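This one's a predicted model, so the numbers in the text were calculated from it and none came from an experiment. Every chain is numbered from 1, with letters handed out A, B, ... down the list of sequences.
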Number of protein chains: 2
Amino acid sequence: MFEQLFKSINERVALTEEEKELCKTFYTFRRLRKRQFLLQEGDVCKYNAFVEKGLLRSYTVDDKGNEHIIQFAAEGWWISDLYSFLTGVTSVYNIEALEDCELLLLTKSASDELLARLPKFESYQRILLQGAYIAMQRRIHASLNQTAEEKYLNIIDIYPDIIQRVPQHMVASYLGLTPETLSRVRKQLILPK
Amino acid sequence: MFEQLFKSINERVALTEEEKELCKTFYTFRRLRKRQFLLQEGDVCKYNAFVEKGLLRSYTVDDKGNEHIIQFAAEGWWISDLYSFLTGVTSVYNIEALEDCELLLLTKSASDELLARLPKFESYQRILLQGAYIAMQRRIHASLNQTAEEKYLNIIDIYPDIIQRVPQHMVASYLGLTPETLSRVRKQLILPK
DNA sequence: AAATCTGATTGATGTAAATCAATGACTCAT
DNA sequence: ATGAGTCATTGATTTACATCAATCAGATTT
């Protein structure tokens, strides 16, 4: 039940058994069936969620009704609307299960207390955020400067597993492309063999 | 000399005078004249730099010779290639002073030691990174889903000060637009009054 | 003051990707 | 098996922005 979480933590900081036990007490477990929502726009994001099992997406819907995927999160990843979670302001994001999920949830108060009680958790979070920040910077660079084809080749390279588990039009949405464009890009990539 | 830094830290965590004094010992001061570089691509990023005064940019140069601006940093901001800084891998970024600058530099070892010695610095860094991550997520959302005009209105809204201090073609580069396109966008925005 | 840079503007043209629209393949529920 | 829903593909057309090229305005240098 905490396998993925402690794997994630252990890759970054070393916890004693005692600290692990303490850590456990702050989380609540939740199952989410495919197509259920962890967060819907207009609500405040109450949880920072760690994915033990399954796959989720966060996305926004624009005025034309188009969905824009911000993030995918599979096993070992965290997902939330960090801004809403930290400030208590209502969210513009939706977080939806794309597969049946098992999640470990931290409320804001649990998170604050855990940070205060367990300095190593603070380190863990900082290190996680560093990685996330670096990944984000790369994604921006890609979105600003790469062609549709380059973006697709790039994501295959970085998240090959996600591509396999997610419908193609969601990959397109994540890349900021239309499904039609991604379909044509793939066709071009297969032909010139 | 440390005004901006302690202002930045104090907005996030409370340091005692003693802690401030400890903190100071880890930084080295450096002036940088306009057009000088803090980092050039191919070098390892040796410093995480806090801007006390002045303005810098980080950017990459693509194979066609076009520059792509990743980040601006004015007073109160940090700038580095975090990936290169943390891993020691050579950087693909350039960091250049756009105005005469006064910087406070942390080497990797100074940073590590400061984190170990002063838990509040760890908190400070985590909180900073949270904000940076949220800002990055917004920027991605904008770059994927907004028109040139929306992007420009957006940046005026978020960084009005930066726009004033930076040549227009650099704003264009930051937004992923050509200078010509930005010029036309601005024209359109002024006309329909 | 003339000469050189640097940055912004404007016009003509090209193009990658979006949009609109139809068809096909697959799964799922009845 | 039949119809409904979801997803991918393909074609025709449009469009937002890039590219190419020239001119212009202010700074900066000599």
Side-chain angles (χ1 to χ4, degrees), chain A residues 33-36 55 57 59 61-69 72 96-100 140-156 162-192, chain B residues 33-36 55 57 59 61-69 72 96-100 140-156 162-192:
Chain A
R33 304 289 304 273
K34 185 173 174 171
R35 253 161 245 156
Q36 285 186 314
L55 180 63
R57 73 204 257 238
Y59 67 95
V61 183
D62 68 21
D63 15 287
K64 282 181 230 141
N66 296 318
E67 294 178 359
H68 302 284
I69 295 180
F72 293 112
E96 181 197 10
L98 297 177
E99 301 174 358
D100 293 347
I140 283 185
H141 191 246
S143 88
L144 291 176
N145 311 315
Q146 294 188 170
T147 64
E149 183 173 315
E150 287 167 338
K151 287 179 194 176
Y152 181 63
L153 289 172
N154 198 234
I155 198 178
I156 289 180
I162 300 287
I163 312 298
Q164 299 307 318
R165 289 163 72 175
V166 151
Q168 198 172 300
H169 70 270
M170 288 192 188
V171 176
S173 169
Y174 180 86
L175 296 175
L177 304 173
T178 59
E180 294 96 327
T181 296
L182 182 56
S183 174
R184 283 183 255 257
V185 164
R186 283 165 48 86
K187 194 179 175 185
Q188 281 308 309
L189 285 172
I190 295 160
L191 284 182
Chain B
R33 304 290 304 272
K34 186 173 175 172
R35 256 162 243 156
Q36 286 186 315
L55 179 63
R57 72 205 257 239
Y59 66 95
V61 182
D62 68 22
D63 16 288
K64 281 179 232 143
N66 296 318
E67 295 179 358
H68 302 283
I69 295 180
F72 293 111
E96 181 198 10
L98 298 178
E99 302 174 358
D100 292 348
I140 284 184
H141 190 246
S143 88
L144 292 177
N145 311 314
Q146 294 188 168
T147 63
E149 182 174 314
E150 287 166 339
K151 287 178 196 176
Y152 181 61
L153 289 173
N154 198 233
I155 198 179
I156 289 181
I162 301 287
I163 312 298
Q164 300 307 320
R165 289 163 72 176
V166 152
Q168 197 172 300
H169 71 271
M170 289 194 186
V171 176
S173 169
Y174 180 86
L175 295 175
L177 304 172
T178 59
E180 294 94 328
T181 295
L182 183 56
S183 173
R184 282 183 256 259
V185 163
R186 284 165 47 87
K187 194 180 174 186
Q188 280 307 308
L189 285 172
I190 295 160
L191 284 182

Would you list the pairs meeting salt bridge (Lys or Arg N to Asp or Glu O under 4.0 Å) in which at least one residue belongs to residues 168-184 of chain A, sequence neighbours left out?
->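 Non-adjacent pairs meeting salt bridge (Lys or Arg N to Asp or Glu O under 4.0 Å): zero.
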
Just to verify, what does [X] make a side-chain contact (heavy atoms from CB on, under 4.5 Å) with, not counting sequence neighbours?
{"X": "E67(B)", "value": "R57(B), Y59(B), V61(B)"}
{"X": "L144(B)", "value": "R139(A), S143(A), I140(B)"}
{"X": "R33(B)", "value": "Q36(B), D100(B)"}
{"X": "E149(B)", "value": "T147(B), L153(B), V185(B), L189(B)"}

Could you state the interatomic distance from [atom1] ([X]) to [atom2] ([Y]), rounded to the nearest 0.5 Å?
{"X": "I69(B)", "Y": "H169(B)", "atom1": "CD1", "atom2": "NE2", "result": "7.0 Å"}
{"X": "L55(A)", "Y": "L98(A)", "atom1": "CG", "atom2": "CG", "result": "5.0 Å"}
{"X": "L177(B)", "Y": "K151(B)", "atom1": "CG", "atom2": "NZ", "result": "5.5 Å"}

N145(B) CG to dC17(D) C1': how many Å, rounded?
->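 Computing the N145(B):CG to dC17(D):C1' distance gives 17 Å.
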
L98(B) CG to dG7(C) P, straight-line distance once rounded to whole Å =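 Roughly 11 Å, once rounded to whole Å.
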
Per-nt protein contacts along nucleotides 8-18 of chain C (heavy atom under 4.0 Å; B base, S backbone sugar-phosphate only, - none) come out as SSBBB----SS

Can you give me the closest heavy-atom contact between [X] and [Y], atom names plus distance?
{"X": "L175(B)", "Y": "Y152(B)", "result": "CD1-CA, 3.9 Å"}
{"X": "A148(B)", "Y": "T181(B)", "result": "CB-CG2, 4.2 Å"}
{"X": "H68(A)", "Y": "S173(A)", "result": "CA-OG, 3.5 Å"}

Five-pair end axes of the helix from dA1(C)-dT30(D) to dT30(C)-dA1(D) and the angle they enclose, rounded to 10° =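 That helix gives 40° between its end axes.
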
Give every pair of a protein N or O atom and an N or O atom of nucleotides 26-30 of chain C that lie under 3.5 Å apart, one pair per line with the distance.
none

For E99(A), check side chain to side chain donor-acceptor pair (under 3.5 Å) against everything at least two apart and list the hits.
->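 Side chain to side chain donor-acceptor pair (under 3.5 Å) check on E99(A) returns R165(A).
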
Taking only residues two or more places apart in sequence, or in another chain, which ones meet H141(B) in a side chain to side chain donor-acceptor pair (under 3.5 Å)?
->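 Here the qualifying residues are T60(A), N145(B).
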
Table of protein N/O atoms under 3.5 Å from nucleotides 22-25 of chain D N/O atoms:
none

Check step by step if side-chain contact (heavy atoms from CB on, under 4.5 Å) holds for I162(A) and I155(A).
-> CA-CA 9 Å; I162(A) 300 287; I155(A) 198 178; 6.0 Å; no

Selection: residues 61-69 of chain A, any non-hydrogen atom under 4.0 Å of DNA chain D |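 Of all residues in residues 61-69 of chain A, none places a heavy atom under 4.0 Å from DNA chain D.
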
Any side-chain heavy-atom pair from V166(B) and Y174(B) closer than 4.5 angstrom?
->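 V166(B) does not reach Y174(B) side chain to side chain.
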
